[in-house]
Number of protein chains: 2
Amino acid sequence: MAKTASLTRQHFIDAALQVVAEVGVDKLSMRRVATELGVSPMAMYKHFPNKEELLAATLDAVIANADVFPDDSLAWPAWVEQVARGMFQALCSETSWVPLLSSMRLGAQAAAVTGAFIERLSREGFSQRQAINAYIAVLQVVIGGVCLHSSISAEQQHQADSKLTPMTLTGLKEVERHLAAPILGAMGELDQLGIGLPMILAALEEQLRGNRAV
Amino acid sequence: MAKTASLTRQHFIDAALQVVAEVGVDKLSMRRVATELGVSPMAMYKHFPNKEELLAATLDAVIANADVFPDDSLAWPAWVEQVARGMFQALCSETSWVPLLSSMRLGAQAAAVTGAFIERLSREGFSQRQAINAYIAVLQVVIGGVCLHSSISAEQQHQADSKLTPMTLTGLKEVERHLAAPILGAMGELDQLGIGLPMILAALEEQLRGNRAV
DNA sequence: ACCTGAACACCGTTCAAGT
DNA sequence: ACCTGAACACCGTTCAAGT
């Protein structure tokens, strides 16, 4: 009954998403994805030249599913903040992707987000150059925030496992330990974006005032 | 003549640094490090419970060697900028570490840098809370900047290899392509820190003015 | 055309055995 | 005590072969 059409690219991407959900990106293997589809690992090489390309396509699907854009009727500072928080959430909820953000080429979906962001800021009175810079600054804080969040989680996980002094604090002089210890706590707190993002928004508002004064 | 003392922890860390310099973190293997020392791969397990611990210790050695602190006589805004640029340089010159920043637990050397940063800002009139937040904001921008820099390098490398339209721009509508294309160019530019860092410094100066007004 | 099986050259890690 | 060899259970990828 079922017309067993040959496997499409999308089949492999969906299977990869499934495997990531089950075991995380780091433990994903070509063999595992193939098994998920009940197929030989070699079948994948008709659609993707190598593992990296499969992962890049899969990451793009994750970004497409994230849907970071809030209601367009929000004032631009609130809108920018929501976009940033949406990106942060999307990346943090799939933490196993984080280590790949720096080495993975971003795909069409990522570029679409970029375009929409710049288009909105341009409409609000920013120059294109300013809008691009704003996007870069927001992206840096989001990615930096996700990396830090993920680092801290790893450290806390390790502490919970080993019940030892955090590695970060071992081998430090008393005075350094006294200064460094609160950081661990502060970083583990909820709102990674609450620190850098308001600074960027303030700078952007200042920029816009400058534009209007001309 | 040579007293063949048994291999120390440091021997393995040094060998790991050597291997990273030769082939990058991603291609480092326990077997490769052991071969570097002319020893069985199993010898390492007397000093490190697993590969992750060896890498964490090696990353800490990289941080120790980075020496990010500029002359203490610099005014604090210039000092903060130099520290940020030092970190950025150190991480960018060893790009193969970047993907691990988010998953690797940071060690004692990283904490020492943290402590020194906070101590300096506290001396300048920031509260401890403000100094910690300042450090987190700077770190986010540095790490985000390094990740973006590294992503762009990967994309440009791929373009050079394949001579194709950047993957980031394929599959986009005309209008989106028109908006997204300049980003790739802007991101590839030299100064990743030139965008977000001044925004943070401006916010910090504002904060300090607020402190003094009390 | 699309998929497979066997093989190659690797991994991290365990464990019993050597010295 | 410190190191080794052989083995286990995996990898990504190639390539000739099947249908």
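Just so we're clear, the structure is a prediction, and the values are computed from it rather than from any experiment. The chains referred to below are lettered A, B, ... by the order of the sequence lines, with proteins before strands, and numbering in each begins at 1.
- The separation of C:dC8 from D:dC10, taken at their C1' atoms, amounts to 15 Å, rounded to a whole angstrom.
- Remark: DNA chain D forms stems of 3 or more consecutive Watson-Crick or G-U wobble pairs, all pair distances under 3.5 Å, at C:4-8 with D:12-16, C:12-16 with D:4-8.
- Using a 4.0 Å heavy-atom criterion, one finds that B:Leu28 contacts the sugar-phosphate atoms exclusively.
- The distance from atom CZ of B:Arg32 to atom P of C:dG12 is 12 Å, rounded to the nearest whole Å.
- Using a 4.0 Å cut-off between a side-chain N of Lys or Arg and a carboxylate O of Asp or Glu, A:Glu22 and A:Arg32 qualify as a salt bridge.
- B:His47 places its NE2 atom 11 Å from the P atom of D:dT4, with the value rounded to the nearest Å.
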Between the protein and nucleotides 13-17 of chain C, are there any N/O to N/O pairs under 3.5 Å, and if so, what are the atom names and distances?
unit_1: C:dT13; atom_1: OP2; unit_2: B:Tyr45; atom_2: OH; d: 2.8
unit_1: C:dT13; atom_1: OP2; unit_2: B:Lys51; atom_2: N; d: 3.0
unit_1: C:dT13; atom_1: O5'; unit_2: B:Tyr45; atom_2: OH; d: 3.4

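- Distance, A:Lys46 NZ to C:dA1 P: 9 Å, rounded to whole Å.
- A cation-pi arrangement is found for A:Arg120 relative to A:Trp79, the charged atom lying closer than 6.0 Å to the ring centre and inside a 45° cone about the ring normal.
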Side-chain donor-acceptor contacts of residues 84-93 of chain B below 3.5 Å, not counting sequence neighbours, with atom names and distances?
unit_1: B:Arg85; atom_1: NE; unit_2: B:Glu81; atom_2: OE2; d: 3.0
unit_1: B:Arg85; atom_1: NH1; unit_2: B:Asp191; atom_2: OD1; d: 3.0
unit_1: B:Arg85; atom_1: NH2; unit_2: B:Glu81; atom_2: OE2; d: 3.3
unit_1: B:Arg85; atom_1: NH2; unit_2: B:Asp191; atom_2: OD2; d: 3.3
unit_1: B:Ser93; atom_1: OG; unit_2: B:Gln89; atom_2: O; d: 3.2
unit_1: B:Ser93; atom_1: OG; unit_2: B:Ala90; atom_2: O; d: 3.0

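- Inter-residue side-chain proximity for A:Phe117 and A:Val80 is flagged as met; some heavy-atom pair is nearer than 4.5 Å.
- Distance, B:Phe48 CZ to D:dC3 P: 13 Å, rounded to whole Å.
- The nearest whole Å value for the distance from the NZ atom in B:Lys27 to the P atom in C:dC10 is 12 Å.
- Residues A:Ile200 and A:Val141 share a closest heavy-atom pair of CD1-CG2, 3.3 Å.
- Within 6.0 Å of CD on B:Glu36 lie more than 12 heavy atoms contributed by other residues, nucleotides or ligands.
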Stepwise, does the side chain to side chain contact (heavy atoms under 4.5 Å, CB included) test hold for B:Val33 with B:Leu28?
CA-CA 7 Å; B:Val33 174; B:Leu28 176 144; 3.9 Å; yes
Might you work through the side chain to side chain contact (heavy atoms under 4.5 Å, CB included) test for B:Phe126 and B:Ile132, ending with a clear yes or no?
CA-CA 9 Å; B:Phe126 288 92; B:Ile132 290 172; over 6 Å; no
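- Taking a cutoff of 4.0 Å between a charged side-chain nitrogen and a carboxylate oxygen, A:Asp14 and A:Arg9 do not qualify as a salt bridge.
- In this structure, CE of B:Met44 is placed 16 Å from P of D:dC2, rounded to the nearest angstrom.
- Checking the phosphate oxygens (OP1, OP2) of D:dC3, no side-chain nitrogen or oxygen of B:Ser40 falls inside 4.0 Å.
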